[in-house]
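In what follows, a structure is listed as structure tokens, so that the remarks can point back to it.
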Amino acid sequence: MYAWKEMEAHSALPARKVNVEQLCTSGGSGVVSSSLPVLPTTVEEFPKLPDSQNILTGKQIRSDQLTSHYTPFVADSGNVQPLYPSPSGFSSDLDISSILPQERHTNSTPLVSQSLNEVCLPSAYSSYTGAFQVSTSNIPKDPTEVTWCPDSDQGILNCSDDGITGNNQIQSNSIVMSDDLNKQNEWWSEIMNEDWEELLNDKTVAESQPKVVYPAAQSSQNMSVHQLQTHQSVPCHSGEISAVTGPLSTATAAATKPRMRWTPELHECFVNAVNQLGGSEKATPKGVLKLMKVEGLTIYHVKSHLQKYRTARYRPDLSEGMSEKKITQSQEIPSLDLKTGIDLTEALRLQMEVQKQLHEQLEIQRNLQLRIEEQGKYLQMMFDKQCKTTMDKLHAPSTVEEPSNISSELTQSTAKIEFPDAGSNPIDSNKTQITEQIGNKRKMPDVEPSNHKDVDAVTDSPSSAAKCARVDDEEA
Amino acid sequence: MKFGKRLKKQVEESLPEWRDKFLSYKDLKKLVRLTSAAQPCSRVEAEFVQMLNAEIDKFNAFFVEQEEDFIIRQRELQERIKRVMEDDGTGGSQPSEMEHAKEMSRIRKDIVNFHGEMVLLENYSSINYTGLAKILKKYDKRTGRVLRLPFIEKVLKQPFFTTDLVSEMVKECERTIELVLPVADRGQSEQGGKGELVAAEQSVFRNTIAALMTMQELRKGSSTYGHFSLPPLSLPDLQLPSPIPILQ
């Protein structure tokens, strides 16, 4: 993992680009998903942030939000979302391009190079974020107590065990408080300089970190963005991950950062490692991590996973999630009367039936939704294209007919999307319709000049441009 | 408000630890209503987007964590089944047979509930997605902006919506259940475990039923049918026995 930070030392962008590729290719054996550690569990161990510590601007970091995972959710195409584990409030600061104009510029640099920024701190990442919170609370006492070495079990995770209660209220927007950020920057660079040197064993990197991170208020956010992003993108192309998270993750790795998602294969690897070490009680996160030899996996991932694993093995009632519901047999349950006479197995079968049905319907629904959006996207593209051509053609009135052909065809196909509610199997027929329409649309560009009858079939619109706008309206 | 009500109902029926992880539809709607129709300024939009992102963060975090739990539990269940199956061969002495039967019944119960929870997670994903789509549509309608399409595109790629793994686990679970549940074992009426069974299952079962009903009602027919509406849902008639009235 520390190899990554060495690459970071060469700060040229192109070099970073190469590094990512190297990492990706070398990550063939890696089984871990490129995602960030699932910090919710680890984060829960962090102490609650005192209010005075407006680390990442006021309301943005709340202890409740800490349990929500960093989502690399790109709202604006130009902006890159931070994968910061802190509340989305934080991430949204990066979204708000109007508020942080600088942000945009930095964010628009290719993700890969940004990612590399993070690469240098794969292990530090967790400690980074962890330390972020931990340090803030520790600052009053003794910042140096925060140990950042990710490899030691005595890490951030051993800080006080105040749980951070999940309280997912929506944070109303908070404007970036540059004052807070500046304070944060100062304090942060102190920590950074001390601990990261130690952590990274690389002075160049450590030195550059504060610079990279805190030249300006916004940049601090960039750093975490970068960190978070890279951490995820780097090991992303290991075989198992792609297989599990599917084409979506690889295709969109640049745009949206996959988080740390466990897979059955990865878990299998984990279990093997644990067994080698003598069982879940004896195994230590560090040992397991070493044995697994999965790139991108951090000790925090392993630690939290190990915790879950132990719970599942030795307290299956807890992990089943039903424990609170389980009532001892001695207690009288009113509804029990209803189930007397029904065989246990029969009851289970019934439950299965219902569950299976829900599952099936959900699958169908999901597929439909995906297709609808796909089609919508295609339509939008066509409309935009048509608008453009219409605009052009309006200046050359001789061929006004053609655009209206296109628009009428489009409108027709759009109309077809309105699903009929008759039919024995509306869902299937809709599916076929959608596929037909997708097929039709693809043929359309070829068909356009020759389809004059369609113009009559569709209600006339004053101009194609107007129609374009109207349809656009419908789309929205 | 129809969706809002349905969502609320669904949340109420959810497993307790899930209840605050759903979409805060009401709050988002409030924000949309406050958005000026005349001049949607970028700041307000940014605020809206921020709120949405927060929600998505929430979903992703919860979903991924649940998924991880499921992976662990699935393997544990498989281990237990393996062990029980192996025990089968060893000796037919009475005590171990009893133990064996007990464990089998526990496994069956656990695996059915496990299946149920996974399906409910899929439902969680679906209902939150639907809510997001709806709120975006409202926003676009109100402000005349085109936020919905690109935003939704990104939502589609989010972890909480990419439920392939969970779906796969559900199917595998179903296959296992086929093996584990006796075909037509009328002889075994296990009174002992019933108390726990009923109590434990009520939540998953009730939740599942609620989910199905919600789905059906949401898909009954929209007042604003558009290009992005789903067709009405037609569920085959479920032969639900007497417990159902209680669940409702």
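Residue numbering restarts at 1 for every chain, and letters A, B, ... go by the order of the sequence lines.
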For side-chain contact (heavy atoms from CB on, under 4.5 Å), just list the numbers for A:Glu373 and B:Arg148, CA-CA rounded to whole Å, side-chain angles, deciding distance to a tenth of an Å, and then say yes or no.
CA-CA 10 Å; A:Glu373 291 302 329; B:Arg148 188 188 175 286; 3.1 Å; yes
What is the distance from atom CG of B:Leu120 to atom NE2 of A:His359, rounded to the nearest 0.5 Å?
12.5 Å
With a cut-off of under 6.0 Å to the ring centre and 45° to the axis, is A:Arg366 in cation-pi contact with B:Phe161?
yes
Could you grab the distance from atom NZ of B:Lys109 to atom CG of A:Leu348, nearest 0.5 Å is fine?
9.0 Å
Yes or no on salt bridge (Lys or Arg N to Asp or Glu O under 4.0 Å) for B:Lys171 and A:Glu360, after CA distance, side-chain angles and deciding distance?
CA-CA 10 Å; B:Lys171 292 192 188 117; A:Glu360 193 183 318; over 6 Å; no
Side chain, backbone, both or neither: which part of B:Glu79 has an atom under 4.5 Å from a heavy atom of chain A?
neither
With a 4.5 angstrom heavy-atom cut-off, could you sort out which part of B:Phe59 is near chain A: side chain, backbone, both or neither?
neither
Output the distance between atom CZ (A:Phe270) and atom CD1 (B:Ile72), rounded to the nearest 0.5 Å.
6.5 Å
Atom group of B:Glu122 that falls short of 4.5 Å from chain A, counting heavy atoms:
both
Salt bridge check: are B:Glu178 and A:Lys356 linked by an N-O gap of less than 4.0 Å?
yes
Under a 4.5 Å cutoff for heavy-atom pairs, which residue among B:Ser125, B:Ser167, B:Ser126, B:Cys173 has the most contacts with chain A?
B:Ser167
Would B:Thr130 and A:Gln369 satisfy side-chain contact (heavy atoms from CB on, under 4.5 Å), going step by step from the backbone distance to the final call?
CA-CA 9 Å; B:Thr130 304; A:Gln369 281 166 336; 3.5 Å; yes
If the test is side chain to side chain donor-acceptor pair (under 3.5 Å), which one of B:His115, B:Glu174, B:Glu117 qualifies with A:Gln355?
B:His115
Could you measure the distance from the OG1 atom of A:Thr263 to the CD atom of B:Glu67? Nearest 0.5 Å is fine.
9.0 Å
Distance check, rounded to the nearest 0.5 Å: A:Leu358 atom CG versus B:Ile209 atom CD1?
9.5 Å
With rounding to the nearest 0.5 Å, note down the distance linking CD in A:Gln351 to CZ in B:Arg108.
14.0 Å
Quick check on A:Glu363 against chain B: is it the side chain, the backbone, both or neither that has a heavy atom closer than 4.5 Å?
side chain
Checking B:Ile177 against chain A: side chain, backbone, both or neither under 4.5 Å from a heavy atom?
side chain
When you look at A:Arg261 and B:Glu65, which way does the salt bridge (Lys or Arg N to Asp or Glu O under 4.0 Å) test go after all the steps?
CA-CA 8 Å; A:Arg261 280 181 98 167; B:Glu65 187 171 348; over 6 Å; no
Side chain, backbone, both or neither of B:Thr163 within contact of chain A (heavy atoms, under 4.5 Å):
both
